[in-house]
4 protein chains.
Amino acid sequence: MSDNSARPRGGRPRRAGVGAAVRQAAEELIAERGYAGTTLDLIAQRAGVAKTTVYRRWRSKSHLAIDTLADLLGDPPAGIDLLSPITWLAAQVREPSVRRLLVGLVGEAGQDESVRAELRARIREPFTRHLVDEFGLSAPDVDLAFDVVVGALLHRLAMTGELTDTDALAVTDLATRLVFGR
Amino acid sequence: MSDNSARPRGGRPRRAGVGAAVRQAAEELIAERGYAGTTLDLIAQRAGVAKTTVYRRWRSKSHLAIDTLADLLGDPPAGIDLLSPITWLAAQVREPSVRRLLVGLVGEAGQDESVRAELRARIREPFTRHLVDEFGLSAPDVDLAFDVVVGALLHRLAMTGELTDTDALAVTDLATRLVFGR
Amino acid sequence: MSDNSARPRGGRPRRAGVGAAVRQAAEELIAERGYAGTTLDLIAQRAGVAKTTVYRRWRSKSHLAIDTLADLLGDPPAGIDLLSPITWLAAQVREPSVRRLLVGLVGEAGQDESVRAELRARIREPFTRHLVDEFGLSAPDVDLAFDVVVGALLHRLAMTGELTDTDALAVTDLATRLVFGR
Amino acid sequence: MSDNSARPRGGRPRRAGVGAAVRQAAEELIAERGYAGTTLDLIAQRAGVAKTTVYRRWRSKSHLAIDTLADLLGDPPAGIDLLSPITWLAAQVREPSVRRLLVGLVGEAGQDESVRAELRARIREPFTRHLVDEFGLSAPDVDLAFDVVVGALLHRLAMTGELTDTDALAVTDLATRLVFGR
DNA sequence: ATGTAACCGAGACGGTACGTCGGGTCTTCAA
DNA sequence: TTGAAGACCCGACGTACCGTCTCGGTTACAT
């Protein structure tokens with residue numbers, strides 16, 4: 001979805017399908033073994049690609065992970081009411097691969113501003129922009145709602161390892177009220 | 001605060017002050033350099049202790065970090081109203097050392113159930129128990145409020161690197177309403 | 001045979017049998033696992049004794065090993081001819097426990113003069129003295145013969161891991177001729 | 001001289017000079033501080049190379065030492081008489097670096113068959129082959145002579161820490177007679 | 001056709017941290 | 001004083017992973 005695909009001038013063109021294969025491998029492996037437990041060598045191997053190739057397209061493991069995650073999330077659904085995109089977000093976080101990617105990335109973000117920036121631009125902003133455009137909400141409010149939903153669910157997961165429907169519901173309710181009540 | 005204390009009998013007693021010195025060193029270093037940037041060798045060195053001594057008392061870097069964090073947090077204040085402990089919690093999360101410890105630990109928690117368990121027992125449970133005893137609230141509700149506050153703030157931090165007063169306030173409000181409104 | 005048994009003045013007397021038990025444990029373990037593969041903790045454990053006790057009686061692992069070895073070798077037989085003590089020596093070296101003790105000790109000797117001295121005094125000198133007294137040979141000659149027999153056989157063992165009768169015979173012959181032919 | 005050379009195809013080629021630099025560092029350090037007193041970290045550092053690089057080329061400290069020793073020994077001189085290679089061998093053993101390498105390796109050999117095998121193939125066999133080819137001697141006899149010379153001198157060194165000319169001469173005499181007298 | 005420039009696979013390399021192991025010392029309590 | 005128990009210091013071990021680098025060889029597109 002963006003291993004910066006723009007490669008205008010000469011030279012051998014990039015092999016098609018490599019980007020997808022690598023993201024796919026990363027997603028699977030991280031879902032299976034967690035973020036830290038997944039090696040770039042491993043990813044490259046499963047994707048049938050050399051490690052160099054991965055590093056040519058992505059700056060680091062974190063950036064590959066962000067890209068994988070963005071690809072995995074896709075766009076929020078174009079629903080009629082405000083609740084549906086928030087519910088969709090919560091559902092996404094409950095997916096094991098999304099969750100483990102997020103948890104790993106939050107860890108990295110603490111260490112590295114460029115990861116934070118990328119995370120904002122590639123993950124949160126699309127969501128926010130969607131709600132702003134669709135429902136005319138204020139961007140800061142939606143950002144906060146995003147952080148509340150993702151953060152709370154992630155942290156719950158980090159604490160207990162699982163997440164009940166009731167909890168997810170409570171949090172989405174909360175976030176919805178947050179956006180409304182301003 | 002608990003690198004385990006009750007030891008049977010016999011043998012050279014543990015050197016007094018080692019636990020405190022190591023926690024102190026860990027706290028400082030993690031505040032300065034972040035969780036991942038802090039080595040056990042470094043901690044041991046600053047604490048004036050051999051690395052093996054650290055590993056004798058704590059199973060791993062994560063467990064030392066949890067212990068350090070628990071020690072750092074202390075008990076929530078015995079306030080009269082329900083708001084104060086939640087505000088206190090938010091304030092704690094905004095402390096650089098607490099925050100960096102938490103961020104690091106949330107990352108590890110994804111990988112390791114024993115870290116999750118320890119995190120629940122040493123960090124969240126004391127808070128919850130306090131609110132339950134003091135105000136007669138339901139434990140699951142308080143747990144959730146804890147996860148919302150800590151998770152949301154942490155995630156906001158992970159996304160932006162900073163945290164405004166307004167945001168912190170919004171989140172504490174939310175959590176308070178959550179506990180009430182059930 | 002000499003964990004320096006002289007303990008004149010007051011205090012609790014040494015427990016009888018400890019010396020023998022430790023030597024026994026050391027011998028067995030080194031025969032089974034080699035010198036380097038044998039830990040002092042292991043020895044103490046098998047001897048049913050605390051590590052401290054071992055270190056109170058012997059200066060170091062090497063010195064315990066030398067003592068064990070001396071005990072194990074005993075005195076050369078009071079034979080009538082000169083050949084028999086040399087043959088006896090060769091036979092001793094072929095014993096697994098003796099061999100592994102020797103190999104380990106030779107390694108340590110390279111690093112530590114006190115080990116060398118002890119080795120001379122406790123292992124080689126008794127042998128030499130015996131041949132000097134019994135057959136009126138010159139001490140330096142016998143010392144050399146000792147070094148040739150033990151050294152050659154040990155080195156053969158180090159190279160091949162085993163030792164045939166013919167080789168052993170050839171070496172003893174050689175050494176005998178050496179002592180004679182001067 | 002052989003941290004293995006023939007590599008298949010592809011990949012970044014090994015940096016030239018690394019092998020020599022590491023062997024050189026190992027030789028110097030072991031001559032200065034003895035086998036056991038020499039760390040792989042130290043060797044790597046002095047060679048200006050990462051520790052991982054050393055471990056990539058040599059299986060262990062022992063194998064590096066064998067390689068260093070083989071490199072150091074070189075080939076026996078192409079003399080006209082049988083005495084000269086044996087004298088050469090004795091002279092080599094008296095070199096501090098050779099001696100300390102050998103002593104260390106003999107110790108390891110007791111623990112590890114792969115070290116024994118390597119020692120035979122890289123150290124003893126070249127010597128033996130030379131004498132067999134040059135003088136038509138039987139390989140087992142020369143092997144034995146090798147073990148007698150090296151073993152006896154090493155053991156003498158282990159016992160006394162030094163080695164006089166007379167002793168060295170006596171041993172080479174012995175070994176020469178051994179090869180002849182069969 | 002030929003040059004150029006980017007691609008890819010393979011794998012060496014530097015660097016840093018990890019957690020473990022073993023020798024030897026020290027400290028306390030009990031005998 | 002001895003012994004048991006076990007904490008402690010020190011220093012080395014070998015492994016793992018990240019991200020960089022250097023090859024040989026390949027593949028379009030522009031000249």
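All values below come from the heavy atoms of this structure, side chains included, with hydrogens, waters and symmetry mates left out. Per chain, numbering begins at 1; letters A, B, ... match sequence-line order. These numbers come from a predicted model, not from an experiment.
If you measure from atom CD of D:Gln111 to atom P of E:dG22, you get 12 Å, rounded to the nearest angstrom. The nearest whole Å value for the distance from the CG atom in C:Asp112 to the P atom in E:dG23 is 15 Å. As rounded to whole Å, 11 Å separates atom P of E:dT25 from atom CG of C:Leu40. Separating the CG atom of D:Leu64 from the P atom of F:dC13 is a distance of 11 Å, rounded to the nearest angstrom. Whole-Å rounding puts the D:Ile43 CD1 to F:dG14 C1' distance at 14 Å. In this entry the distance linking CD of A:Gln45 with P of F:dA16 reads 14 Å, nearest Å. Straight-line distance from the CZ atom of A:Arg33 to the P atom of F:dC17: 8 Å, rounded to whole Å. In this structure, B:His63 places its NE2 atom 14 Å from C1' of E:dG19, rounding to the nearest Å.
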Notebook entry, point to check: Going through the checks in order, is the side-chain hydrogen bond (donor to acceptor under 3.5 Å, both in side chains) test met by B:Asp112 and B:Ser114?
Noted result: CA-CA 5 Å; B:Asp112 184 345; B:Ser114 86; 3.0 Å; yes
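Ranked by how close their nearest DNA chain E nucleotide is to the 5' end, C:Asp41 and C:Thr52 are led by C:Asp41. If C:Glu108 and B:Ala36 are placed on DNA chain E by their nearest nucleotide, the residue sitting closer to the 5' end is B:Ala36. Each of A:Arg59 and D:Arg59 lies near DNA chain F, and the nucleotide nearest D:Arg59 is the one positioned closer to the 5' end. Take the nearest nucleotide of DNA chain F for C:Gly48 and for D:Lys61: the residue whose nucleotide is more 5' is C:Gly48.
If you check distances only, the side chain of D:Arg12 does reach the base of F:dC21 with a donor-acceptor pair under 3.5 Å. For A:Lys51 against E:dG9, a side-chain-to-base donor-acceptor contact under 3.5 Å is absent.
Using a 4.0 Å cut-off, no side-chain N or O of A:Thr39 falls inside it from OP1 or OP2 of F:dA16. Neither OP1 nor OP2 of E:dG11 sits under 4.0 Å from any side-chain N or O of D:Arg56. Between B:Arg15 and E:dC26 there is no side-chain polar atom (N or O) within less than 4.0 angstrom of OP1 or OP2.
In this structure, of F:dG3, F:dC13, F:dC8, it is F:dG3 that holds the atom nearest to the side chain of C:Arg57. Across E:dA12, E:dT27, F:dG3, the shortest atom-to-atom separation from the side chain of D:Arg14 is found for E:dA12. When each of E:dT20, E:dG9, F:dG14 is scored by its nearest atom to the side-chain atoms of D:Tyr55, the top-ranked nucleotide is F:dG14. In this structure, of E:dG24, F:dA28, E:dA17, it is F:dA28 that holds the atom nearest to the side chain of A:Pro13.
Judged by distance alone, with hydrogens and angles left aside, the side-chain atoms of C:Arg116 form no donor-acceptor pair with the main-chain N or O of D:Ala158 at under 3.5 Å. No donor-acceptor pair under 3.5 Å is formed between the side chain of B:Arg59 and the backbone N or O of B:His63. For C:Ser60 (side chain) and C:Ser62 (main-chain N/O), a donor-acceptor pair under 3.5 Å exists by modelled atom type.
Of all heavy-atom pairs spanning D:Gln111 and C:Tyr35, the tightest one is OE1-N, 3.5 Å.
The distance from the CZ atom of B:Arg23 to the CG atom of B:Leu69 is 12.0 Å, given to the nearest 0.5 Å.
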